[in-house]
Protein chains: 2
Amino acid sequence: MRLTTKGRYAVTAMLDLALQEGKRPVTLQDIAMNQEISLSYLEQLFAKLRAAGLVKGMRGPGGGYRLAQKMGDISIASVIAAVDEKADMTRCGGEANCLDGEKCLTHELWMELSDKIYEFLNGITLGELVRRPEVIEVAERQEAVRQGLRSGRLKTVIVEADSLIGGAK
Amino acid sequence: MRLTTKGRYAVTAMLDLALQEGKRPVTLQDIAMNQEISLSYLEQLFAKLRAAGLVKGMRGPGGGYRLAQKMGDISIASVIAAVDEKADMTRCGGEANCLDGEKCLTHELWMELSDKIYEFLNGITLGELVRRPEVIEVAERQEAVRQGLRSGRLKTVIVEADSLIGGAK
DNA sequence: TGAAAACCAAGTAAAGAAGTTGGAAATTAT
DNA sequence: ATAATTTCCAACTTCTTTACTTGGTTTTCA
């Protein structure tokens with residue numbers, strides 16, 4: 001289980017998806033604005049999430065993404081594994097050939113740590129996360145911003161601010 | 001607590017040092033050969049380990065490095081922290097300003113995971129590792145190679161093999 | 001005095017992360 | 001039908017970090 005910002009982006013986006021479950025599909029555009037991740041980077045991540053069978057995309061206006069499984073069945077570990085294919089924490093990637101075909105001195109230590117991390121992340125699902133108070137709190141704040149954007153008022157402010165500063169990213 | 005190959009190199013080298021404790025100082029040349037890490041990369045890592053007060057260097061012939069503290073007092077976490085200064089697992093590095101000065105959706109999750117990893121690595125010391133059977137086993141195999149190199153026989157073989165293949169790295 | 005080592009600084013190469021660009025295909029709303 | 005909206009796709013760029021390289025200098029021992 002390798003841990004990078006890439007995996008974090010994926011988990012955050014998936015959690016956003018889980019929070020909107022039941023409403024209409026969520027567009028990447030929407031996630032990009034809320035979580036401040038670039039749209040095309042999200043596209044790349046979602047291509048992998050889709051390949052892993054974690055989400056399904058729907059094209060056209062009103063389209064977007066939905067979870068492909070029940071949120072209680074999607075573990076954080078599976079999300080991270082989906083986007084960052086090479087999950088080798090050790091020099092050898094699990095095989096014990098780190099050093100001249102033999103185990104290196106610290107092989108067991110990293111294996112043990114990998115197991116611990118996997119155990120932790122595999123034990124938590126999106127379903128569990130959406131029920132956490134602190135997640136709900138942040139989600140509500142973000143929902144308010146989303147409403148503002150949709151109504152057009154905040155969007156105008158942002159566009160104006162961007163043109164003053166020198167363009168959005 | 002960020003986890004990279006850099007930290008792993010440092011821990012492996014430190015463990016090598018711990019295993020030789022009591023004998024004469026260990027040269028980086030020696031570690032480089034045994035653990036297959038480039039000498040100058042090791043120099044850079046040891047500059048940081050020295051700055052962190054984990055090792056002390058002795059110059060001149062017969063010199064090398066020794067642990068600066070009792071091996072039972074050196075945790076794996078402290079070794080990793082020494083070489084990989086920016087220990088930010090989260091987008092915000094512990095501060096809760098990951099998103100527009102506010103906590104992002106998954107802030108608590110990563111903090112929790114960071115704590116777990118730190119707890120694990122902080123609970124293990126070099127002193128503990130050198131007593132583990134699998135470490136002792138690997139160390140003994142490496143010691144045999146070291147003896148062979150010192151006696152000159154294996155070294156000759158390696159040099160010959162290298163010139164056949166096209167040079168060492 | 002010479003060799004062996006730590007020490008130091010600057011650079012390079014390769015990889016991966018993150019983002020960019022410019023589309024094509026599907027689907028819905030007008 | 002057509003236009004807008006969205007996923008889907010591929011290639012490329014930029015930035016950062018890792019890992020390694022080069023070419024020294026100082027210290028210390030034999």
Side-chain angles (χ1 to χ4, degrees), chain A residues 2-13 17 20 24-33 35-52 54-66 68 80 83-89 91 93 150 167-169, chain B residues 2-13 17 20 24-33 35-51 54-68 80 83-89 91 93 150 167-169:
Chain A
R2 197 150 136 266
L3 299 170
T4 67
T5 53
K6 199 172 180 177
R8 282 214 308 283
Y9 278 144
V11 172
T12 306
L17 225 63
Q20 313 287 325
R24 55 173 165 179
V26 188
T27 67
L28 293 187
Q29 186 63 254
D30 199 32
I31 297 177
M33 300 205 95
Q35 311 307 335
E36 293 182 355
I37 309 172
S38 98
L39 176 58
S40 2
Y41 195 41
L42 270 177
E43 282 180 348
Q44 288 169 41
L45 297 183
F46 271 75
K48 292 182 178 177
L49 293 171
R50 200 169 59 93
L54 294 175
V55 299
K56 53 189 172 197
M58 274 150 305
R59 295 177 167 199
Y65 283 95
R66 258 196 236 281
I80 293 178
V83 297
D84 94 359
E85 52 268 39
K86 293 188 180 179
D88 57 358
M89 189 68 250
R91 170 138 70 163
R150 219 167 274 133
K169 38 181 175 176
Chain B
R2 197 152 132 264
L3 297 171
T4 68
T5 52
K6 199 172 178 177
R8 282 214 308 283
Y9 278 144
V11 172
T12 305
L17 226 63
Q20 313 287 325
R24 54 173 166 179
V26 188
T27 67
L28 293 187
Q29 185 63 252
D30 198 32
I31 297 176
M33 301 204 95
Q35 312 304 337
E36 291 180 358
I37 310 171
S38 96
L39 176 59
S40 3
Y41 195 41
L42 271 177
E43 282 181 347
Q44 287 168 40
L45 297 183
F46 271 75
K48 292 181 177 177
L49 293 171
R50 199 167 60 92
L54 294 175
V55 299
K56 53 190 170 193
M58 276 152 305
R59 296 179 165 199
Y65 282 95
R66 258 194 237 280
L67 298 180
I80 292 177
V83 296
D84 196 76
E85 51 269 37
K86 293 188 179 178
D88 57 358
M89 191 65 249
R91 171 138 72 161
R150 221 168 270 130
K169 39 181 176 178

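Since the model is a prediction, treat every value here as computed from it, not as a measurement. Chain letters run A, B, ... following the sequence lines, proteins first, then strands; residues in each count from 1.
What separates CD of B/Q29 from P of C/dA3 is a distance of 16 Å, to the nearest Å. Here C/dG19 presents its P atom at 15 Å from CZ of A/F46, a figure rounded to the nearest Å. The distance from atom CG of B/D30 to atom P of C/dA5 is 9 Å, rounded to the nearest whole Å. At whole-Å resolution of the value, CG in B/L49 and P in C/dC7 are 11 Å apart. Taking atom CG of B/L39 as the reference point, atom P of C/dA6 lies 7 Å away to the nearest angstrom. Atom-to-atom, NZ of A/K6 to P of C/dA15 comes out at 15 Å; the value is rounded to the nearest Å. Between A/K48 atom NZ and D/dA10 atom P there is a gap of 13 Å when expressed in whole angstrom units. The separation between A/L17 atom CG and D/dT7 atom P is 11 Å, rounded to whole Å.
The side chain of A/R50 has D/dC9 as its nearest neighbour among D/dC9, C/dA17, D/dA4. Of all nucleotides listed (C/dA3, D/dC20, C/dA17), D/dC20 comes nearest to the side chain of B/Y41. Comparing D/dT18, D/dT6, C/dA3 by their closest approach to the side chain of A/T27 singles out D/dT6. Each of C/dC8, D/dA4, C/dG19 was ranked by its minimum atom distance to the side chain of A/Y9; first place goes to C/dG19. Side-chain proximity of A/I37 to the nucleotides D/dC20, C/dG19, C/dA17 is greatest for C/dG19. In the set D/dT18, C/dT27, D/dT7, D/dT18 carries the atom at the smallest distance from any side-chain atom of B/D84.
For the pair A/A47 and A/G62, nearest-nucleotide mapping onto DNA chain D gives the more 5' position to A/G62. Each of A/G7 and A/P61 lies near DNA chain C, and the nucleotide nearest A/G7 is the one positioned closer to the 5' end.
For B/Y65 and C/dC7, the shortest distance from a side-chain N or O to OP1 or OP2 is below 4.0 Å. The side chain of B/R66 places no N or O atom within less than 4.0 Å of a non-bridging phosphate oxygen (OP1 or OP2) of C/dA6.
Atom-to-atom distance recorded for B/I80:CD1 and B/K6:NZ is 12.5 Å, nearest 0.5 angstrom. Distance check, rounded to the nearest 0.5 Å: CG of B/L28 to CD1 of B/I37 gives 10.0 Å. Taking CD from B/Q20 and CZ from B/R66, the interatomic distance works out to 11.0 Å, rounded to the nearest 0.5 Å. The structure places OG1 of B/T27 at 11.5 Å from CE of B/M58, a figure rounded to the nearest 0.5 Å.
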Would you tabulate the pairs of protein nitrogen or oxygen atoms and nucleotide nitrogen or oxygen atoms of nucleotides 21-25 of chain C closer than 3.5 angstrom?
from: C/dA25; atom 1: N3; to: A/R59; atom 2: NH1; distance (Å): 3.4

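Shown here are the side chain to side chain contact (heavy atoms under 4.5 Å, CB included) partners of A/R59, two or more places apart in sequence or in another chain: there are none. By the side chain to side chain contact (heavy atoms under 4.5 Å, CB included) test, B/A47 is found to be paired with no residue, residues two or more places apart in sequence or in another chain being considered. The side chain to side chain contact (heavy atoms under 4.5 Å, CB included) search around A/Q44 returns A/Y41, not counting sequence neighbours.
Between A/I31 and A/F46 the shortest side-chain heavy-atom distance falls below 4.5 Å.
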